[in-house]
Amino acid sequence: MTARIRVAVIDDHPLFREGVTRSLSEIDGFEIVAEGSTKDDAIKVAQDLQPDVLLMDISMPGGGLNAIAPILETEPSQKIVMLTVSESSDDVTAALNSGAKGYVLKGVGSRALAEIIRSVAAGESYVAPTLSARLLSSRSSPVPKKFSAIAALTTREQQVLRLVASGMSNKHVARKLDLHEKTIKHHMTQIMAKLGVANRTEAAIALRDAIDGRDDQ
């Protein structure tokens, strides 16, 4: 029997928090280990319980973004997913740069949220596609340009990165290229290491920067 994914939900809106908790509890493979409503709750839960995935709102007492660094300072392997209504590019960038592994908008359905949590628990990163596209089109995102690093990628790695940058999941990229999903995951690990980035969105932004840089020459 596959081990359940242990999830904590930190949100200061009781009805929403209860809804997320109930929905995930009704899906096989999930266990809710804690709930909370503040930055301090998030930090305490991470330190005391080390859930597989910590779901956390941005707008709550103390600020969700302000909880990321303290959590990762003591629990560096903690996987954090921001679950919020904020579509601000600044918030997305701040969350990812601070170490969050996911950024999800609250309009997401329970089944989709479950899939996102599974992917993050497995080591992937996730950003809502609409927000990822917005970041890619923003020239103000503080992600360093990677012209030479992009060029150093293998042809297959560049092919995988282009598909990921278009918004495809590893599963869909694997189907597109007729490869195993674990092969795509391996390629993404190599790509992120070569580019010196922390997640899929930053890798996609590096690709866009490189493309724009070539166009400007």
Roughly how far, to the nearest 0.5 Å, is the NZ atom of K79 from the CG atom of L55?
-> 13.5 Å
First locate atom CD of Q158, then atom CG of L163, and finally report the distance between them rounded to the nearest 0.5 Å.
-> 12.0 Å
Report yes if some heavy atom in the side chain of P61 is under 4.5 Å from a heavy atom in the side chain of D12; otherwise report no.
-> yes
Is there a donor-acceptor pair under 3.5 Å between the side chain of T183 and the backbone N or O of L179?
-> no
Are S169 and H172 close enough that a side-chain donor and a side-chain acceptor fall under 3.5 Å?
-> yes
I5 side chain near R118 side chain, heavy-atom distance below 4.5 Å | yes
Charged N to carboxylate O below 4.0 Å: is that the case for K106 and D57?
-> yes
Do D41 and M60 have side-chain heavy atoms sitting under 4.5 Å apart?
-> no
Closest heavy-atom contact between I10 and S37?
-> CG2-N, 3.9 Å
For E31, does its backbone N or O pair with a side-chain atom of R6 as donor and acceptor, under 3.5 Å?
-> no
Closest heavy-atom pair and its distance - A46, I71 | CB-CG2, 3.6 Å
In terms of heavy-atom contacts, L161 and A204 come closest through CD1-N, 4.1 Å
Single-linkage hydrophobic cluster, 4.5 Å side-chain cutoff, V45 and V7 together = no
In terms of heavy-atom contacts, A42 and M56 come closest through CB-SD, 3.5 Å
Which heavy atom of S119 sits nearest a heavy atom of I116, and at what distance?
-> OG-O, 2.7 Å
Tell me whether V92 is reachable from V108 by hopping between hydrophobic residues (I, L, V, M, F, W, Y) whose side-chain heavy atoms are closer than 4.5 Å.
-> no
Note, V120 side chain near E124 side chain (heavy atom, < 4.5 Å) = no
Any side-chain heavy-atom pair of V81 and I117 under 4.5 Å = no
Sub-4.5 Å side-chain heavy-atom contact between R156 and L177 | yes
Evaluate the criterion side chain to side chain contact (heavy atoms under 4.5 Å, CB included) for residue pair K39 and I43; output intermediate values, then yes/no.
-> CA-CA 6 Å; K39 168 192 170 185; I43 295 171; 3.9 Å; yes
Kindly indicate whether the side chain of I58, heavy atoms from C-beta on, has any atom under 4.5 Å from the side chain of Y103.
-> yes
Go through R175 and E181 one step at a time and tell me if the salt bridge (charged side-chain N to carboxylate O under 4.0 Å, His left out) criterion holds.
-> CA-CA 8 Å; R175 289 176 181 169; E181 186 176 352; over 6 Å; no
Counting N and O atoms only, with roles assigned by atom type, does the side chain of E202 sit under 3.5 Å from a partner on the main chain of A198, one being a donor and the other an acceptor?
-> yes
M82 to A100 - nearest heavy-atom pair and separation | CG-CB, 4.2 Å
In Å, rounded to the nearest 0.5 Å, how long is the span from CG of L195 to CE of M188?
-> 8.0 Å
Nearest 0.5 Å, what's the OG-CD distance between S110 and E26?
-> 8.0 Å
Report yes or no: do L49 and L72 belong to one cluster of Ile/Leu/Val/Met/Phe/Trp/Tyr joined by side chain heavy-atom distances under 4.5 Å?
-> yes
Identify which one of R200, H187, H186, K185 satisfies the side chain to side chain donor-acceptor pair (under 3.5 Å) criterion when paired with N170.
-> R200
So if you build clusters from Ile, Leu, Val, Met, Phe, Trp, Tyr with side-chain heavy-atom gaps below 4.5 Å, do L54 and L105 land together?
-> yes
Does Y126 share a hydrophobic cluster with L96, counting links as ILVMFWY side-chain heavy atoms below 4.5 Å and allowing steps through other members?
-> no
With the side chain counted from C-beta on, respond yes when L65 and I68 share a heavy-atom pair under 4.5 Å apart, and no when they do not.
-> yes
